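Every chain is numbered from 1 and lettered A, B, ... according to where its sequence line falls, protein lines coming before strand lines. Treat the numbers as computed from the prediction; the structure is a model and nothing was measured.
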Amino acid sequence: MGIQIYNTLTRQKEAFQPIEEGKVRMYVCGPTVYNYIHIGNARPAIVFDTVRKYFQYQNYDVHYVLNFTDVDDKLIKAANELGSEVPEIAERFIEAYKEDVGAFGVEEAVDHPRVTENMSEIIEFINTLVEKGHAYESGGDVYFRTRSFDSYGKLSQQSIDELRTGARIEVGEKKEDPLDFTLWKTTKDGEIAWESPWGEGRPGWHIECSAMAKKYLGETIDIHAGGQDLTFPHHENEIAQSEALNEKQFANYWMHNGYIKIENEKMSKSLGNFVLVHDIIKHHDPQVIRFFMLSVHYRHPINFSEALLEGAKNSLDRIKNAYENLEHRKQSATNQTEDDEQWIQKVEAYKNTFIEEMNDDFNTANAISVLFDLTKDANVYLQSTHTSENVIAAFQHTLSELAEVLGIHVAGENELLDEEVDALIQERIDARKNRNFQRADEIRDDLKDRGIILEDTPQGTRWKRG
RNA sequence: GGCGGCAUAGCCAAGUGGUAAGGCAGAGGACUGCAACUCCUUUACCACCGGUUCGAAUCCGGUUGCCGCCUCCA
């Protein structure tokens with residue numbers, strides 16, 4: 001069985017069938033770069049990076065595109081408030097985005113298109129829509145004529161009539177129909193603007209993704225992904241624009257990740273519970289946050305709290321400990337023991353299970369449980385008196401390989417200790433031999449304060465960073 | 001009002017027809033000089049009420065509660 005994806009468009013899991021054999025064209029809606037990203041922005045970044053990593057693990061060539069919205073109302077506002085210019089703000093927070101997301105082990109996109117660098121494509125896109133009768137100019141603005149697109153509402157499962165009933169009709173509206181949405185908006189004096197056939201202005205929000213997806217990935221792409229909240233209206237509108245223009249299916253698979261709550265409350269500015277990635281990674285290992293995010297299925301809501309993060313840290317430590325336990329037993333391992341083959345087969349079976357779970361709509365929660373199965377078995381194996389290099393290698397290699405698919409590093413860095421610490425450890429070993437436990441405990445406590453944890457095992461004393 | 005989602009042990013979380021994975025926390029035991037790591041043992045009337053079925057956490061109907069989208073939003 002190959003990869004199954006839950007497709008928002010059809011509301012069911014479907015076998016993934018790429019447009020081109022061995023390739024995945026994937027477009028993920030990126031951030032509007034007017035501030036540091038919050039933890040809610042981190043979820044799609046981590047989740048879809050994992051989707052990408054898994055495809056790559058399955059030998060797909062993934063053309064991953066993530067856009068930056070580098071001009072819009074929020075950016076203009078931020079620029080005004082900070083006494084800066086839109087391009088400076090954008091540049092600053094694009095760098096911040098890359099840094100934050102990089103801390104989580106998110107791989108850089110193949111293409112990171114920006115709105116301001118694709119203005120001619122956007123204008124061309126809008127222009128053709130106007131020519132085709134799907135859009136119209138009105139007082140310097142250009143709107144998409146929603147009723148000209150028959151299947152409008154297919155992604156969010158809403159009927160156009162229901163939407164029309166609920167839509168707001170604003171005073172002074174220049175639209176023909178309340179459901180029509182902006183493709184191009186005329187600018188106020190002094191605002192950042194571009195020349196267009198409809199006068200100076202800037203693009204509406206939805207059009208950029210349609211134009212850039214087309215430019216970088218083609219008229220039909222494999223996967224279009226983003227947060228659940230983008231389903232309507234953003235993605236619905238993208239479909240309308242792109243399919244009205246190209247007269248082809250826009251994206252074959254639509255993936256949407258669930259929301260994040262903070263301490264059981266919606267994250268919102270009014271509640272003051274916005275958690276910025278920039279801040280939280282000062283106090284929490286980004287790997288723990290990544291692990292935590294992946295311990296829940298990507299389509300389900302996830303709650304974020306200090307206590308939950310603490311639990312995730314302990315969980316991840318268990319896996320990393322197992323890896324270190326294996327590492328530690330390498331030296332005393334023998335060439336081969338009788339039951340090598342049995343264990344190696346068992347490890348191989350876990351790997352297959354991991355793949356099955358990931359194939360099932362990227363069920364990372366279950367994939368992680370396979371990591372725990374591996375962890376448990378590795379520890380059990382290490383209980384035996386004689387261990388074999390081959391089995392230890394199999395455990396380590398598989399554990400590391402599978403964890404890496406999720407973007408989790410299980411191997412500790414093999415850094416060296418400074419001489420003083422090294423000498424203390426040696427002194428403690430001698431002290432224990434002489435049953436001078438008072439001195440031994442003193443050294444252990446001292447090193448613990450320095451962030452070095454000592455553990456005495458039957459194979460000798462070892463240390464790790466705490 | 002329209003559309004959609006969720007309700008599983010103290011906590012987190014899989015499971016979508018065959019008598020409930022995994023993790024955290026807790027308790028007891030083993031190992032240890034003491035710890036740590038690790039191992040063993042240990043905890044579920046699957047929100048409620050009906051229905052379908054030989055059999056349902058899982059399907060259908062209803063009830064209650066919570067949440068998201070419909071307006072900028074990951």
Side-chain angles (χ1 to χ4, degrees), chain A residues 8 11 13 28-32 34 37-48 69 72-74 77 153 155-159 161-168 170 179 205 225-234 236 256-261 264-269 291-292 295-297 299-303 305 307-322 324-325 328 353 357 360 363-373 375-376 378-383 431-432 435-438 440-441 444-445 448 453-458 461-464 466:
Chain A
T8 307
R11 309 272 155 164
K13 283 182 197 169
V28 180
C29 285
T32 300
Y34 69 107
I37 58 164
H38 57 251
I39 198 72
N41 297 300
R43 168 113 103 145
I46 290 171
V47 160
F48 297 120
T69 301
D72 89 322
D73 291 349
K74 290 191 292 274
K77 191 165 169 249
L155 182 68
S156 52
Q157 313 268 285
Q158 311 216 50
S159 85
D161 293 327
E162 289 295 347
L163 284 168
R164 193 162 281 145
T165 311
R168 289 184 184 181
E170 287 162 31
L179 285 185
W205 172 42
Q228 214 164 54
D229 54 313
L230 294 180
T231 309
F232 189 91
H234 187 53
E236 195 71 71
H256 293 97
N257 65 273
Y259 245 67
I260 283 187
K261 291 194 296 178
N264 267 318
E265 284 184 313
K266 181 184 170 158
M267 181 165 54
S268 74
K269 283 193 174 132
F291 182 81
F292 171 69
S295 68
V296 180
H297 188 92
R299 281 188 280 115
H300 292 179
I302 192 169
N303 192 26
S305 76
L308 258 14
L309 228 41
E310 180 63 27
K313 183 194 181 301
N314 291 341
S315 297
L316 180 56
D317 277 347
R318 179 170 160 78
I319 296 172
K320 291 168 117 176
N321 280 340
E324 287 311 308
N325 292 342
H328 184 63
T353 307
E357 295 297 354
D360 183 12
N363 193 332
T364 53
N366 275 347
I368 285 173
S369 81
V370 175
L371 255 33
F372 281 114
D373 290 338
T375 292
K376 176 62 160 273
N379 284 326
V380 168
Y381 179 71
L382 294 178
Q383 300 281 111
R432 289 184 74 230
R435 304 194 64 82
N436 182 356
F437 297 123
Q438 199 184 339
D441 290 350
R444 187 168 61 191
D445 290 343
K448 194 180 175 190
I453 293 168
L454 295 187
E455 295 176 349
D456 303 315
T457 75
T461 297
R462 60 170 171 164
W463 64 272
K464 65 177 181 184

Specify the separation, in whole Å, of atom [atom1] of [X] and atom [atom2] of [N].
X	N	atom1	atom2	result
A:I302	B:A74	CD1	P	17 Å
A:I453	B:U38	CD1	P	12 Å
A:N257	B:G68	CG	P	16 Å
A:D229	B:G5	CG	P	17 Å
A:D373	B:A14	CG	P	16 Å
A:K464	B:U38	NZ	P	7 Å
A:D445	B:A36	CG	P	13 Å
A:E324	B:U38	CD	C1'	14 Å

For [X], answer base if it contacts any base atom (sugar-phosphate contacts may also be present), sugar-phosphate if it contacts only those atoms, and nothing otherwise; contact means non-hydrogen atoms under 4.0 Å.
X	result
A:Y259	base
A:H297	sugar-phosphate
A:R432	base
A:E455	base
A:L454	base
A:H38	base
A:G153	nothing
A:I37	nothing
A:D441	base

Separation between the [atom1] atoms of [N] and [M], rounded to whole Å:
N	M	atom1	value
B:C39	B:C31	C1'	8 Å
B:U53	B:G1	P	35 Å
B:C11	B:C45	P	13 Å
B:A36	B:C48	C1'	47 Å
B:U58	B:G51	P	14 Å
B:A74	B:G15	C1'	27 Å
B:A9	B:A14	P	13 Å
B:C37	B:A27	P	14 Å

Task: Heavy-atom neighbours of A:R11 CZ exceed 12 at 6.0 Å - done: yes
Counting only Watson-Crick pairs (N1-N3 plus N6-O4 or O6-N4) and G-U wobbles (N1-O2, O6-N3), all under 3.5 Å, who is the partner of [N]?
N	answer
B:C59	B:G51
B:G17	none
B:C6	B:G65
B:G26	B:U42

For the pair [X] (side chain) and [Y] (backbone), establish whether a donor and an acceptor sit closer than 3.5 Å, ignoring hydrogens and angles.
X	Y	result
A:N363	A:N366	yes
A:E455	A:R462	no
A:E357	A:V370	no

Open item on the list: Pick the closest RNA chain B nucleotide for A:T231 and for A:G40 by heavy atoms, then say which residue is nearer the 5' end.
Closed with: A:T231
- [ ] Name the residue closer to the 5' end of RNA chain B, choosing between A:K376 and A:K74 according to the nucleotide with the nearest heavy atom.
- [x] A:K376
Would you say the side chain of [X] and the base of [N] hold a donor-acceptor pair, judged only by whether the two atoms sit under 3.5 Å apart?
X	N	answer
A:D317	B:C24	no
A:R299	B:G5	no
A:N366	B:G22	no
A:R444	B:A35	yes

Would you say [X] places a side-chain N or O within less than 4.0 Å of OP1 or OP2 belonging to [N]?
X	N	value
A:R318	B:C39	yes
A:K261	B:A74	no
A:N436	B:G33	no
A:N379	B:C39	yes

- [ ] Evaluate whether the aromatic ring of A:F372 and the six-membered ring of the B:G22 base sit under 5.5 Å apart, centre to centre, with an inclination under 30°.
- [x] no
Between [options], which nucleotide has the shortest distance from any of its atoms to the side chain of [X]?
X	options	value
A:P233	B:U38, B:C70, B:A14	B:C70
A:D456	B:C39, B:C3, B:C34	B:C34
A:F232	B:A74, B:C70, B:G33	B:C70

- [ ] Report the C-alpha separation of A:N325 and A:H328 in whole Å, then their side-chain angles, then the decisive distance to 0.1 Å, and conclude whether the side-chain hydrogen bond (donor to acceptor under 3.5 Å, both in side chains) test is met.
- [x] CA-CA 5 Å; A:N325 292 342; A:H328 184 63; over 6 Å; no
Task: Stepwise side-chain contact (heavy atoms from CB on, under 4.5 Å) check, A:R318 with A:F372 - done: CA-CA 8 Å; A:R318 179 170 160 78; A:F372 281 114; 4.1 Å; yes
Open item on the list: For A:A312 versus A:F292, what's the shortest heavy-atom pair and its separation?
Closed with: CB-CB, 3.8 Å
Open item on the list: With a 4.5 Å cut-off on side-chain heavy atoms, are A:T69 and A:K74 touching?
Closed with: no
Open item on the list: I'd like to know if A:D441 pairs up with A:R444 as an ion pair, taking the criterion as any Lys NZ or Arg NE/NH1/NH2 lying under 4.0 Å from an Asp or Glu carboxylate oxygen.
Closed with: yes
